[in-house]
2 protein chains.
Amino acid sequence: MELRQLRYFLKAKELLNFTEAAHALNISQSTLSQQIKQLEDQIRVPLFNRIGKRISLTEAGTLFAEYALQSVNRADDGLLLLEDLNNLKTGKINIGVTFALRNVLTKTLILFAQQYPKVKVCIVFGTSDELIEKLSAAELDLVLTFKEDSKDTQFRQELLFSSPLTLVAAERTGLASRRSISLEEITRLPLALPATGYSTTRFITEAFKRKGLHPDVSIEINDIPTLLAIVKTGSWHTILTKVSVVDQDLITIPIEGKKMSRSAMAIWLNDAYPKKAMLAFLKLLKAENNL
Amino acid sequence: MELRQLRYFLKAKELLNFTEAAHALNISQSTLSQQIKQLEDQIRVPLFNRIGKRISLTEAGTLFAEYALQSVNRADDGLLLLEDLNNLKTGKINIGVTFALRNVLTKTLILFAQQYPKVKVCIVFGTSDELIEKLSAAELDLVLTFKEDSKDTQFRQELLFSSPLTLVAAERTGLASRRSISLEEITRLPLALPATGYSTTRFITEAFKRKGLHPDVSIEINDIPTLLAIVKTGSWHTILTKVSVVDQDLITIPIEGKKMSRSAMAIWLNDAYPKKAMLAFLKLLKAENNL
DNA sequence: ATCTCAAATCGTTTTTACCGATGATTACGA
DNA sequence: TCGTAATCATCGGTAAAAACGATTTGAGAT
């Protein structure tokens with residue numbers, strides 16, 4: 001029993017005429033006759049009464065037609081679904097983002113949701129490590145984070161943009177006029193940093209260590225908006241990439257030194273068949289960042 | 001896209017291993033590989049990710065599997081239904097009966113309903129003409145009526161039994177002791193007969209006519225129980241086959257003469273594939289009448 | 001580097017879907 | 001009543017497709 005035979009049967013049932021049905025199916029009458037017969041042989045029940053040159057459905061044919069139709073329909077529905085999936089009229093993508101890239105994400109997310117309203121988007125915030133872990137387990141389709149050295153071939157990465165590392169301070173502090181600032185100067189300021197485990201924090205502490213400096217870190221916190229609220233008090237400063245901060249009450253002062261900037265990356269699995277929706281999101285993301 | 005391919009796909013999805021799936025399906029690994037690939041080509045979407053020697057479902061594969069499963073299941077359900085139909089665990093038969101054979105039917109009907117409780121039985125009472133008409137139109141599967149000459153080859157007929165034509169009278173009439181009665185005598189009795197169009201009435205009036213007799217018919221009625229109620233008053237008599245009457249308050253007196261009996265027949269369409277349930281009913285019917 | 005396992009690929013065989021022609025039966029019109 | 005057209009079944013041949021076994025490829029493990 002094959003879908004082909006069920007389709008033949010249903011058309012024959014509809015027209016109650018093998019010749020016409022065969023024509024409608026673009027096959028010869030003899031083929032239809034044979035296929036129907038083969039189906040009947042396989043299910044061991046006649047589907048049609050042959051009365052002379054006329055045919056009519058048997059009881060078995062009538063009852064079986066219901067099921068045949070549903071079977072064919074479900075298969076066709078499956079194709080429609082795939083069609084939709086291809087046209088981004090359905091589906092779901094899971095995106096992981098570090099807190100530092102919140103602003104970058106938000107813009108694109110809004111755009112994407114407007115453009116593909118039927119596609120469900122699920123956002124997961126977390127540390128780079130957590131996100132890469134989830135990506136490996138295929139729990140995420142796309143991760144936005146800062147570049148870290150990794151020769152893991154299972155990932156594909158694309159650069160989104162580079163953003164300088166900056167000292168973040170409240171506007172009313174005396175630093176407002178500064179064009180840049182050195183790491184040494186920063187060690188003399190009270191700092192509140194993102195929690196250990198965050199890519200940027202790791203990067204920064206590494207930079208201090210290389211210069212043998214000891215920054216005055218009095219607060220660690222794993223939520224950027226809260227961190228920024230603390231900085232706004234004027235009592236603390238923090239270090240973040242420039243794009244992480246879009247707040248009129250705060251100023252960002254680039255840190256002096258080579259390589260004092262970070263590259264935002266989009267990372268996804270190399271091997272898995274990429275979701276259309278993920279690619280569409282990525283495309284928007286790159287367009288937003290002039291790539 | 002064929003059910004075969006969907007089955008292959010589902011098994012591969014289940015085991016996530018082509019080699020094992022092929023084995024479970026009793027086909028070679030190469031065949032499974034090719035068929036899956038062919039399916040993917042046809043639906044234009046990969047169903048599996050091939051990561052090295054491992055495979056995993058793509059999003060499309062996951063979503064499509066739902067539909068594939070349902071399609072396959074509906075087809076299989078159809079087979080189960082046909083199985084049930086064959087075992088008389090479902091289905092419906094339409095039986096036409098003349099009023100005169102009500103008693104014959106009832107016994108078998110009860111038996112049948114007990115034996116095959118899942119089979120729906122639909123009983124239609126009517127005149128022979130009506131019933132044969134409906135049988136021709138395939139609205140009925142089986143008709144129980146009295147024999148009439150008809151060389152129509154579209155019908156198959158089987159004799160159930162013969163029953164003598166009898167004069168039916170109330171017990172307290174003076175006829176109780178009579179072993180038989182002639183047509184001439186009957187003309188002197190007030191008669192209530194089944195309505196014109198009934199086989200027996202046609203037969204009886206024909207018999208009177210052949211002998212040049214004029215019976216005293218004062219009532220015609222198309223319902224046998226009502227007719228019998230009228231006869232019970234003692235003011236009228238009627239003529240029916242013996243089997244039509246099973247009532248202690250009534251007596252039946254055979255009518256003298258050759259061919260003064262009627263043959264109850266089961267009639268069905270010759271060409272149509274006979275329903276299993278109909279054949280089972282017929283078998284019971286014949287068993288009940290010692291055939 | 002080598003081995004192993006699983007999937008893909010290749011070339012061949014077997015099966016079967018399909019066709020056109022033909023045959024059989026029936027319905028219909030002259 | 002006798003064609004004639006319509007319709008389904010059947011047959012033989014062909015082209016397509018499914019299936020196989022053997023081999024290759026590639027990734028992960030040793």
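The structure displayed is predicted, hence computed values, not measured ones. Order of the sequence lines sets the chain letters (A, B, ...), proteins ahead of strands, with each chain counted from 1.
Near DNA chain C, defined here as any heavy-atom distance below 4.0 Å, the residues from residues 34-43 of chain B are B/Gln34, B/Lys37, listed numerically. Non-hydrogen atoms lying under 4.0 Å from DNA chain C are contributed by A/Asn26, A/Ile27, A/Ser28, A/Ser30, A/Thr31, all within residues 12-31 of chain A.
Heavy atoms of B/Arg54 sit nowhere under 4.0 angstrom from any nucleic acid atom. Residue contacts for A/Phe48: at a heavy-atom cut-off of 4.0 Å it reaches no nucleic acid atom on any strand shown.
Here the side chain of A/Gln157 pairs no donor or acceptor atom with the backbone of A/Ile267 at under 3.5 angstrom. Listed for the B/Gln115 side chain is no donor-acceptor partner under 3.5 Å among the backbone atoms of B/Phe281.
B/Glu14 meets the side chain to side chain contact (heavy atoms under 4.5 Å, CB included) test with B/Lys11; sequence neighbours excluded. Applying the side chain to side chain contact (heavy atoms under 4.5 Å, CB included) test to A/Glu83 and every residue at least two apart in sequence or in another chain returns A/Asn87. Listed by chain and number, the residues in a ring pair (Phe, Tyr, Trp, His ring centres under 6.0 Å) with B/Phe146 amount to none (sequence neighbours excluded). Contacts of A/Tyr8 classified as ring pair (Phe, Tyr, Trp, His ring centres under 6.0 Å), with partners at least two apart in sequence or in another chain: none. By the side chain to side chain contact (heavy atoms under 4.5 Å, CB included) test, B/Ser56 pairs with B/Asn49, B/Ile51, sequence neighbours left out. Residues forming a ring pair (Phe, Tyr, Trp, His ring centres under 6.0 Å) with A/Phe99 (at least two apart in sequence, or on another chain): A/Phe125, A/Tyr198. Listed by chain and residue number, A/Phe18, A/Ile36, A/Glu40, A/Phe48, A/Ile55 satisfy the side chain to side chain contact (heavy atoms under 4.5 Å, CB included) test with A/Arg50 (two or more places apart in sequence, or in another chain).
Residues B/Gly126 and B/Leu131 come closest through the heavy atom pair O-CD1, 3.6 Å. Closest non-hydrogen pair, A/Arg7 versus A/Leu25, comes out as O-CD2, 4.4 Å.
On the nucleic acid side, DNA chain D has its first and last nucleotide under 4.0 Å of a heavy atom of chain A at D/dA6 to D/dC11, going 5' to 3'. First and last contacts of DNA chain C with chain A, using any nucleotide atom under 4.0 Å from a protein heavy atom and ordered 5' to 3', fall at C/dA17 to C/dA27.
Within the structure, the side chain to side chain donor-acceptor pair (under 3.5 Å) test picks out the following pairs touching residues 279-289 of chain A (sequence neighbours left out): A/Glu158-A/Lys286.
The environment of B/Lys13 atom NZ is sparse: at most 12 non-hydrogen atoms of other residues, nucleotides or ligands sit within 6.0 angstrom.
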